[in-house]
Amino acid sequence: MVGAIDPDERSDWQAWRAAAARPAVDAELRALYTEVDAAIAQRGPTCWTSGKCCKFDSFGHRLYVTALEVAWFLGQIDSPADAHAAPPTPVAGGGIRLPQMAQTPGACPYQLDGRCSTHTVRPLGCRIFFCQAGTEDWQQDLYELFLTRLRAMHERHAVEYRYMDWIAGLEAAGR
Ligand code: SF4
């Protein structure tokens, strides 16, 4: 059951979404994701299980993100006319997909027919995680490095930092 909406929480999400729409924040986050993708490409991991890791309950893990990442992601979904990069594949039904809309219970609601429908705007954790054996060490190091930079970005732009479960964040932001 969804609880009552906390006005403070609503204003927190309004602030994060406004911050994510600021051109300087938008540009910095895009640049960081581009760097992440380049760092991953250099290491050349392979996706072996094609989307099973997005089914969090059955895979047995969670995805953690920052509030600013959730806010930025939702801004891209709401306004798919993206002047800087290929827009995400249109999401069926448009707009935010709440967790209860997931095709598989306990999975990311943006996984449609086994594929990520928002590949170009997915958060840091989605970009770095690979289940391929032998990649754990560099993944952890890379994740820590870029998460530290994300946190610094929040501080530089005077945006409150909060780290959260992806599903819980989507649920809270969508209320
Ligand atoms: S945003 Fe895409 S890659 Fe990330 S968990 Fe959802 S479906 Fe998977």
Side-chain angles (χ1 to χ4, degrees), residues 16-17 19-21 24-80 82-91 96-97 99 102 104 106-154 156-157 159 161-170 173:
W16 282 317
R17 293 194 69 158
V25 174
D26 174 77
E28 208 171 315
L29 195 49
R30 285 176 194 281
L32 184 138
Y33 284 155
T34 299
E35 263 192 72
V36 173
D37 291 347
I40 297 290
Q42 265 186 354
R43 290 161 175 81
T46 306
C47 175
W48 286 6
T49 57
S50 51
K52 285 187 182 163
C53 59
C54 306
K55 296 183 173 69
F56 306 124
D57 284 1
S58 59
F59 198 82
H61 71 171
R62 314 304 296 172
L63 168 63
Y64 287 89
V65 297
T66 74
L68 187 60
E69 284 191 287
V70 175
W72 183 82
F73 174 91
L74 293 176
Q76 304 309 304
I77 299 301
D78 288 344
S79 311
D82 183 342
H84 305 278
T89 306
V91 175
I96 183 170
R97 285 178 67 84
T104 305
C108 177
Y110 292 96
Q111 189 187 57
L112 301 180
D113 301 326
R115 300 178 68 87
C116 178
S117 62
T118 51
H119 190 74
T120 58
V121 294
R122 69 203 190 287
L124 175 66
C126 303
R127 292 167 194 265
I128 291 186
F129 181 78
F130 286 83
C131 64
Q132 181 184 3
T135 62
E136 299 87 354
D137 285 352
W138 65 252
Q139 276 184 50
Q140 191 58 37
D141 291 348
L142 215 54
Y143 187 75
E144 293 300 330
L145 174 74
F146 281 101
L147 185 61
T148 300
R149 286 182 49 186
L150 259 180
R151 182 169 195 140
M153 184 189 306
H154 283 70
R156 201 164 36 256
H157 293 281
V159 180
Y161 179 80
R162 207 175 297 168
Y163 192 59
M164 60 186 63
D165 173 78
W166 173 237
I167 295 294
L170 290 174

Look only at the side chain of [X] and the backbone of [Y], and say whether a donor-acceptor pair between them is shorter than 3.5 Å.
| X | Y | answer |
| --- | --- | --- |
| R43 | A39 | yes |
| E69 | T66 | yes |
| E28 | M153 | no |

- Message: If we check side chain to side chain contact (heavy atoms under 4.5 Å, CB included) with R97, which of these qualifies: T118, L170, I77, L112?
- Response: L112
- Got a sec, which residues hit side chain to side chain contact (heavy atoms under 4.5 Å, CB included) with V25, two or more places apart in sequence or on another chain? R22, L68, H157
Minimum heavy-atom separation for [X] to [Y], with atom names?
| X | Y | answer |
| --- | --- | --- |
| P109 | I167 | CD-CD1, 3.8 Å |
| R127 | H119 | NH2-O, 4.3 Å |
| A107 | A102 | O-CB, 3.4 Å |
| C54 | Q111 | CB-NE2, 3.5 Å |

- What pairs of residues pass the salt bridge (Lys or Arg N to Asp or Glu O under 4.0 Å) test when at least one of them lies in residues 109-121, not counting sequence neighbours? none
- Residue pairs, two or more places apart or on separate chains, that pass salt bridge (Lys or Arg N to Asp or Glu O under 4.0 Å) and touch residues 53-68: D57-R62, R62-D165
Within this structure, what is the [atom1]-[atom2] distance for the pair [X] and [Y], rounded to the nearest 0.5 Å?
| X | Y | atom1 | atom2 | answer |
| --- | --- | --- | --- | --- |
| F73 | C126 | CZ | SG | 8.0 Å |
| I40 | L142 | CD1 | CG | 5.0 Å |
| R30 | T120 | CZ | OG1 | 8.5 Å |

- Message: Within the structure provided, determine whether C53 and L63 are in side-chain contact (heavy-atom separation under 4.5 Å).
- Response: no
- Message: Do W16 and V70 make a side-chain contact, defined as non-hydrogen atoms from C-beta onward lying under 4.5 Å apart?
- Response: no
- Message: Holding to salt bridge (charged side-chain N to carboxylate O under 4.0 Å, His left out), I want the full list of residues that pass it with R122, two or more places apart in sequence or in another chain.
- Response: none
- Item | ring pair (Phe, Tyr, Trp, His ring centres under 6.0 Å) partners for Y33, two or more places apart | W72
- Message: According to side chain to side chain donor-acceptor pair (under 3.5 Å), who are the partners of E144, at least two apart in sequence or on a separate chain?
- Response: Q140
Using 30° and 60° as the class limits, which term best fits the ring planes of [X] and [Y]: parallel, tilted or perpendicular?
| X | Y | result |
| --- | --- | --- |
| F56 | H61 | tilted |
| Y161 | H154 | perpendicular |
| Y143 | Y163 | tilted |

